[in-house]
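Worksheet: the structure to be examined is printed underneath.
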Amino acid sequence: MGARLRVFLSQEQDKTLLKLRTTDVPQKVKDRAEVIRLNADGWYVEKIAAHFNWTPQTVREVLHRWQKLGMEGLWELPGRGGKPK
């Protein structure tokens, strides 16, 4: 088993992620922000996955995107699939 995946947040980052819960953003973005906050609070990937009913790999992907892209990593990129009409 590899090292535990853990993110650390500044107070400002934590406040920004907390504010996302009450703003008008897609539910996926709110869930991803909460995943990052829970991990920063010491929750393990497996426990977060069980809480959200996600796979551990999905939680890891969210955490890796946060580490690589920061706030931009919370939103979906435009790409393939049906476009909204």
Side-chain angles (χ1 to χ4, degrees):
M1 180 174 203
R4 291 283 181 185
L5 185 55
R6 182 82 189 269
V7 296
F8 297 96
L9 300 175
S10 67
Q11 285 184 344
E12 195 171 305
Q13 289 174 323
D14 189 49
K15 286 180 184 178
T16 304
L17 291 173
L18 184 60
K19 284 181 187 177
L20 282 176
R21 294 173 70 187
T22 59
T23 58
D24 187 27
V25 294
Q27 186 62 42
K28 285 183 178 182
V29 174
K30 293 178 183 183
D31 290 344
R32 290 175 185 147
E34 190 63 20
V35 163
I36 294 163
R37 291 188 72 239
L38 289 173
N39 183 267
D41 282 342
W43 286 39
Y44 291 125
V45 169
E46 294 80 10
K47 187 175 179 182
I48 297 170
H51 180 73
F52 282 94
N53 200 23
W54 291 358
T55 64
Q57 184 59 36
T58 304
V59 175
R60 285 188 194 94
E61 287 172 5
V62 169
L63 295 173
H64 283 296
R65 281 182 65 173
W66 171 259
Q67 289 176 330
K68 186 176 180 182
L69 302 172
M71 289 295 287
E72 293 177 17
L74 298 178
W75 277 266
E76 302 260 333
L77 296 175
R80 300 177 60 163
K83 304 297 182 260
K85 295 182 181 179

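These values consider heavy atoms only, across backbone and side chains, with no hydrogens, waters or symmetry-generated copies. Quick caveat: nothing in here was measured; it's all calculated off a predicted structure.
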Open item on the list: Suppose we screen for side chain to side chain contact (heavy atoms under 4.5 Å, CB included). Which residues come up paired with Q57, at least two apart in sequence or across chains?
Closed with: T55, R60, E61
TODO: May I ask you to test the L74-L17 pair for a side-chain heavy-atom distance under 4.5 Å?
DONE: yes
Task: Non-hydrogen side-chain atoms of L5 and Q67 separated by less than 4.5 Å - done: yes
- [ ] Keeping to residues at least two apart or across chains, list the ring-ring contact (aromatic ring centres under 6.0 Å, His included) pairs with something in residues 66-85.
- [x] none
Task: Taking every non-hydrogen atom, the tightest pair across V45 and P56 - done: CG1-O, 3.5 Å
Open item on the list: Is there a continuous path of hydrophobic side-chain contacts, each under 4.5 Å between heavy atoms, that joins M71 to L18?
Closed with: no
Open item on the list: Please enumerate all residues that pass salt bridge (charged side-chain N to carboxylate O under 4.0 Å, His left out) together with R65, with sequence neighbours excluded.
Closed with: none
Task: Interatomic spacing from CG in D31 to CD1 in I48 - rounded to 0.5 Å - done: 12.0 Å
Task: Pairs satisfying ring-ring contact (aromatic ring centres under 6.0 Å, His included), at least one member in residues 10-42, at least two apart - done: none
Task: ring-ring contact (aromatic ring centres under 6.0 Å, His included): pairs with one or both residues in residues 14-52, sequence neighbours excluded - done: W43-H51, F52-W54
Task: Nearest-0.5 Å distance that lies between atom NZ in K47 and atom CG in N39 - done: 12.0 Å
Open item on the list: Is it true that, when you exclude R6 itself, more than 12 heavy atoms of the residues, nucleotides or ligands shown sit nearer than 6.0 Å to its CZ?
Closed with: yes
Open item on the list: Tell me every residue that passes salt bridge (charged side-chain N to carboxylate O under 4.0 Å, His left out) with D14, counting only those two or more places apart in sequence or in another chain.
Closed with: R37
Open item on the list: Same cluster or not: V29 versus L69, using hydrophobic residues (I, L, V, M, F, W, Y) connected whenever any side-chain heavy atoms lie under 4.5 Å apart?
Closed with: no
Task: Pairs involving residues 13-40, ordered by first then second residue, that meet ring-ring contact (aromatic ring centres under 6.0 Å, His included) (sequence neighbours left out) - done: none
TODO: Apply side chain to side chain contact (heavy atoms under 4.5 Å, CB included) to Q11 and list each qualifying residue two or more places apart in sequence or on a separate chain.
DONE: none
- [ ] Mind checking the CD1-CZ spacing from I36 to F8? Nearest 0.5 Å is all I need.
- [x] 14.0 Å
Task: Listed partners of E76 passing salt bridge (charged side-chain N to carboxylate O under 4.0 Å, His left out), at least two apart - done: K28, R32
Task: Listed partners of T23 passing side chain to side chain contact (heavy atoms under 4.5 Å, CB included), at least two apart - done: L20, V25
